[in-house]
Amino acid sequence: MRNILALAALPLAALLAGGASLPSPDRQVSLNIPAIAKARFGNDARWYETRIPFFESADPRIDSVYYYRWGLFRAHQRDLGAQGYITTEFADDVDWQRHPFASLNDASGFHIAEGRWLNDRRFTDDYINFMYEGGNDRHFTDHMADSVWGRFLVDGDRDAVLAHLKTMRHVYRLWDEKFDFDKGLYFVEPLLDATEYTVSSIDASGGKDGFTGGDAFRPSVNSYMFANARALSRMAEMAGDRAMAKEYAGRAEALRRRVLTDLWNPKLGHFADRHQKATEFVKYWQPIRNRELVGYLPWMFDLVPDEARYSAAWSHLLDPNSLAGKAGMRTVEKGYEYYMRQYRYLGTAPECQWNGPIWPYQTTQVLTGMANLLDHYEARGPVTRSVWMQELRKYTDLHFQSRDGKEKIDLEEDYHPETGKPIVGLDRSHHYFHSGYLDLILTGVVGIRPRADDVLEVNPLLPGAGDYQALDWFRIERVPYHGRLVSITWDVDGRRYGRRGLTIAADGVELAHRDTLGRIEVPLARKANPAIAREENLAVQLVRGAFPKPSASSGTDPEKLHDAIDGRTWFYPELPNGWDSASSGKSQWYSVDFGRDVSLGRAELAFFEDGKAFAAPRSVALEVWRDNRWRQVGTAKPVVNGVTQVTWLATETGKVRVIMTQNGRSAIRLAEFKAFAR
């Protein structure tokens with residue numbers, strides 16, 4: 001049974017009028033946010049200070065990855081100019097992305113789940129708008145409608161969640177092409193489920209391949225479509241469309257029944273695929289022969305009943321002979337005939353496969369499902385809070401790699417389940433955003449369980465004091481929730497923050513406290529969210545060779561010139577990004593021709609410095625083309641690995657350029673150039 005402390009969060013005027021005592025101010029020690037931002041993000045701290053929730057805990061590795069993941073989120077925001085921001089999966093371009101935007105839909109659920117915790121709602125709002133205004137080409141399966149509903153549970157914005165309801169319904173029905181009306185289940189080729197070389201595809205080839213083929217009725221796509229249908233039903237109910245709400249509630253329930261009846265494999269004690277396409281090696285409707293991590297996805301969306309026969313499946317996750325690798329979760333169990341067999345190579349670098357390696361993508365899904373199990377299931381099998389924290393810490397450790405005798409943070413595509421070492425040795429693999437982490441911290445460690453009603457519910461999934469996986473303290477501030485700013489503090493004995501227990505505050509006012517770990521539910525009236533501020537970056541070049549067109553004094557490689565106005569900003573040394581000047585020691589310039597007159601009054605310049613080949617310029621000056629000559633309009637001292645702002649009185653111009661004085665003979669790397677009307 002739940003152990004609940006519920007306190008009324010009444011408006012101040014109501015408290016005064018009723019003679020009630022005023023709520024207490026938040027008595028916990030506030031975090032030094034400017035200092036943390038500077039320490040974690042250096043000269044790029046300004047981007048984060050007002051946008052992210054700030055967090056600290058007794059585990060410095062979790063803290064490091066928490067802030068790294070916000071940096072990862074920032075690096076994957078691509079500015080499309082008039083179309084706003086989208087979130088990318090790969091920092092650099094890959095052949096199978098949607099051109100010219102560099103978007104992919106498979107990880108969109110994670111992108112939205114992470115971004116919903118930003119105080120600046122523009123990034124996720126723009127991304128959702130883009131995806132439902134033609135951006136989702138269904139290249140892969142996804143649970144985007146469910147994630148949009150999940151965003152509403154955090155921000156409470158009714159207009160935003162309903163903005164694309166008709167399009168969501170249309171996209172849902174497009175998946176009828178992958179629906180077997182006789183079986184009542186969806187099927188998909190594993191490659192289009194973002195999981196190439198799985199049991200169904202490898203076995204369909206007789207063990208010879210598995211990159212393509214192997215169409216199967218999978219727990220993944222059917223769980224996604226269940227969750228999307230449920231979300232559409234809830235949105236339709238909110239919009240007053242009872243017929244649609246009833247239809248999609250029925251679709252969700254029908255899928256749930258079919259998954260439980262047909263994808264639960266009693267022999268394996270696990271949810272598992274059935275083959276949809278017969279080959280000389282497999283038959284239609286034949287169950288696959290081994291357990292895969294994908295079998296836990298139904299718990300990610302609460303599809304599974306609270307029954308012991310199902311929860312017993314979690315024992316496979318903890319079995320070293322099944323899905324439990326020393327470094328993390330195997331994607332298929334160790335006993336599979338083709339476990340960890342490598343099928344594809346690019347040079348000497350192994351390619352992506354799901355026949356055993358750890359994938360942060362599915363690790364995130366399973367940790368989310370496990371968190372649901374711990375939060376609101378009675379039948380939990382072998383899963384405990386200690387187990388959840390153990391798996392979270394294994395996942396955390398994957399972010400750290402030793403290079404040149406130093407430990408660095410760099411999340412890559414997949415990992416060896418015994419060593420935790422990255423497998424894919426390709427440049428594209430660095431700082432890969434195909435997973436979630438921040439949402440696990442917010443909903444799991446901190447324990448915020450977002451809701452549609454006016455209640456703030458918190459239930460940290462931490463083991464009790466003395467457990468080897470316990471976390472003795474944490475504090476998080478500036479968490480956006482229903483238009484409020486929430487802070488949550490846990491202190492096992494009061495030594496860290498001066499008060500023992502779990503404390504919740506909103507807008508600086510304490511709402512609830514308990515001396516021990518446990519669930520707290522607090523009524524909390526919602527407020528309107530701040531309006532989303534939008535300004536258009538006029539300098540973005542999406543289509544190479546089109547306007548705006550770049551040119552430069554040196555380093556005239558067209559791809560490098562394009563990189564400085566491609567809408568992407570990061571400072572990772574492993575991933576070169578931007579225009580590189582010659583290292584001549586002479587003054588350099590980079591220019592943008594808009595192909596028309598525009599009004600400009602501000603520019604943002606992002607300079608990369610590595611202490612080796614590249615250094616930020618000593619000075620910069622902005623010039624605009626006016627009256628048939630260049631005229632200086634502003635100067636600035638360059639910021640290293642951050643954003644340099646230059647402003648001036650708005651003026652009409654067709655061209656803008658930045659003049660840079662080199663620092664000795666070090667080359668200049670202009671990671672990104674942005675221009676605004678001001």
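Numbers for residues simply follow the sequence, beginning at 1. As a basis for the values below, the full set of heavy atoms in this structure was taken, side chains included, without hydrogen atoms, waters or symmetry mates.
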Report task. Any chance you could lay out the side chain to side chain donor-acceptor pair (under 3.5 Å) test for Glu477 and Ser487, step after step, and finish with the verdict? Result -> CA-CA 4 Å; Glu477 296 181 9; Ser487 64; over 6 Å; no

Report task. Give the C-alpha distance, both sets of side-chain angles, the deciding distance and a yes or no for side chain to side chain contact (heavy atoms under 4.5 Å, CB included) between Leu575 and Trp570. Result -> CA-CA 9 Å; Leu575 284 171; Trp570 68 77; 3.4 Å; yes

Report task. List the steps and the verdict of side chain to side chain donor-acceptor pair (under 3.5 Å) for Gln469 and Asp467. Result -> CA-CA 5 Å; Gln469 292 292 344; Asp467 189 286; over 6 Å; no

Report task. Verify salt bridge (Lys or Arg N to Asp or Glu O under 4.0 Å) between Asp375 and Arg519, making sure each step is shown before the conclusion. Result -> CA-CA 9 Å; Asp375 181 75; Arg519 193 183 308 271; 3.0 Å; yes

Requested in this report: Before giving the answer on side chain to side chain contact (heavy atoms under 4.5 Å, CB included), spell out for Tyr310 and Phe271 the whole-Å C-alpha distance, their side-chain angles and the decisive distance to 0.1 Å.
Outcome: CA-CA 9 Å; Tyr310 295 115; Phe271 289 102; 3.9 Å; yes

Report task. Check step by step if side chain to side chain donor-acceptor pair (under 3.5 Å) holds for Ser435 and Arg69. Result -> CA-CA 10 Å; Ser435 60; Arg69 292 298 298 233; 3.1 Å; yes

Report task. Applying side chain to side chain contact (heavy atoms under 4.5 Å, CB included), run through Phe211 and Ser201 and close with a yes or a no. Result -> CA-CA 7 Å; Phe211 180 67; Ser201 62; over 6 Å; no

Query - Candidate pair Asp472 and Arg496, rule salt bridge (Lys or Arg N to Asp or Glu O under 4.0 Å), full reasoning - result: CA-CA 9 Å; Asp472 286 347; Arg496 178 70 181 185; over 6 Å; no

Requested in this report: Could you walk me through whether Arg274 and Asp262 pass the salt bridge (Lys or Arg N to Asp or Glu O under 4.0 Å) test, one step at a time?
Outcome: CA-CA 8 Å; Arg274 287 181 181 268; Asp262 295 327; 5.0 Å; no

Report task. Kindly determine whether Asp414 and Tyr361 satisfy side chain to side chain contact (heavy atoms under 4.5 Å, CB included), including the steps that lead there. Result -> CA-CA 9 Å; Asp414 63 343; Tyr361 180 77; over 6 Å; no

Report task. Any chance you could lay out the salt bridge (Lys or Arg N to Asp or Glu O under 4.0 Å) test for Asp397 and Arg393, step after step, and finish with the verdict? Result -> CA-CA 6 Å; Asp397 287 343; Arg393 284 186 161 115; over 6 Å; no

Report task. Please step through side chain to side chain donor-acceptor pair (under 3.5 Å) for the pair Tyr68 and His431, ending with a clear verdict. Result -> CA-CA 10 Å; Tyr68 166 76; His431 307 291; 2.8 Å; yes

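Between Tyr197 and Tyr343, the ring planes lie parallel to each other; the angle is under 30°, not in the 30° to 60° tilted range. His111 and Tyr127 have tilted rings, their planes meeting at an angle from 30° to 60° on a 0 to 90° scale. Between Phe433 and His76, the ring-plane angle classifies as tilted under the 30° and 60° cut-offs. Below 30°, between 30° and 60°, or above 60°: for Trp47 and Phe123 the angle between ring planes is between 30° and 60°, a tilted geometry. Ring geometry, Tyr67 versus Phe54: the interplanar angle falls from 30° to 60°, so the pair is classed tilted. Ring orientation note: the planes of Tyr336 and Tyr338 are nearly perpendicular, at an angle over 60° on the 30°/60° scale. In this structure, Phe90 and Tyr432 have tilted ring planes: the angle between them lies in the 30° to 60° band.
The side-chain heavy atoms of Leu118 and Trp70, taken from C-beta on, include a pair separated by under 4.5 Å. Counting heavy atoms from C-beta outward, Leu104 and Phe140 have side chains that approach closer than 4.5 Å. At a threshold of 4.5 Å between non-hydrogen side-chain atoms, the residues Asp203 and Ile288 do not count as touching. A heavy-atom distance below 4.5 Å is found between the side chains of Cys352 and Trp359. Side-chain contact between Leu462 and Val445: present, with at least one pair of heavy atoms (C-beta onward) separated by less than 4.5 Å.
Under the 3.5 Å distance criterion, the side-chain polar atoms of Ser311 are matched with a main-chain donor or acceptor of Ala308. Looking at Asn32, its side chain does come within 3.5 Å of a backbone N or O of Ala35 through a donor-acceptor pair. Remark: the backbone N or O of Val387 is not paired with any side-chain donor or acceptor of Glu391 at under 3.5 angstrom. Proximity of a side-chain donor or acceptor of Glu114 to a complementary backbone N or O of Leu438 within less than 3.5 Å is detected. Counting only distance, with no hydrogens or angles, the side chain of Asn265 and the backbone of Ala272 share no donor-acceptor pair below 3.5 Å. Under the 3.5 Å distance criterion, the side-chain polar atoms of Arg475 are left unmatched by any main-chain donor or acceptor of Ile488. A donor-acceptor contact shorter than 3.5 Å links the side chain of Asn222 to the backbone of Tyr186. With Asp306 contributing its side chain and Ala379 its backbone, the two residues share a donor-acceptor pair below 3.5 Å. In this structure a side-chain-to-backbone donor-acceptor pair under 3.5 Å is missing from Asp63 to Glu56.
Of the residues listed (Arg330, Lys394, Lys334), the one engaging Glu418 in a salt bridge (Lys or Arg N to Asp or Glu O under 4.0 Å) is Arg330, and it is the only one. When Leu442, Asn372, Val458, Leu456 are each tested for a side chain to side chain contact (heavy atoms under 4.5 Å, CB included) with Arg449, only one passes: Asn372.
A pairwise comparison of heavy atoms in Leu398 and Gln401 identifies O-NE2, 3.2 Å as the closest pair. Contact record, Ala231 with Ala145: CB-O, 3.7 Å, taken as the closest heavy-atom pair.
Defined by atom type and a distance below 3.5 Å, a donor-acceptor pair is missing between the side-chain atoms of Asp410 and His399. Inspection of the Tyr437 and Thr396 side chains reveals an N or O donor paired with an N or O acceptor under 3.5 Å. Side-chain contact annotation: Thr364 with Tyr395, donor-acceptor N/O pair under 3.5 Å present. Asn136 and Asp142 share a donor-acceptor pair across their side chains, judged by distance under 3.5 Å alone. Side chain to side chain, Asp302 and His376 meet the donor-acceptor criterion of an N or O pair below 3.5 Å. Side-chain polar atoms of Asp146 and Asn228 form no donor-acceptor pair below 3.5 angstrom. Side-chain contact of His316 with Arg291: a donor-acceptor pair under 3.5 Å is present, judged by distance alone.
Ion pair Glu413/Arg428 flagged as a salt bridge, since at least one NZ, NE, NH1 or NH2 atom sits closer than 4.0 Å to an Asp/Glu carboxylate oxygen. Between Asp155 and Arg151 there is a salt bridge, since at least one side-chain N of the basic residue sits less than 4.0 Å from a carboxylate O of the acidic one. A salt bridge links Arg289 with Glu337: at least one charged nitrogen is closer than 4.0 Å to a carboxylate oxygen.
Checked against the 6.0 Å centroid threshold, Tyr572 and His430 do not count as a close aromatic pair. You'll find the ring centres of Phe226 and Phe301 outside the 6.0 Å limit. Aromatic pair Tyr296/Trp314: ring centres closer than 6.0 Å.
Applying the salt bridge (Lys or Arg N to Asp or Glu O under 4.0 Å) rule to Arg218 yields the partners Asp193, Asp273, Glu292; only residues at least two apart in sequence or on another chain are considered.
Taking the ring axis of Phe400 as reference, the NZ or CZ atom of Arg61 stays within 45° of it and closer than 6.0 Å to the ring centre.
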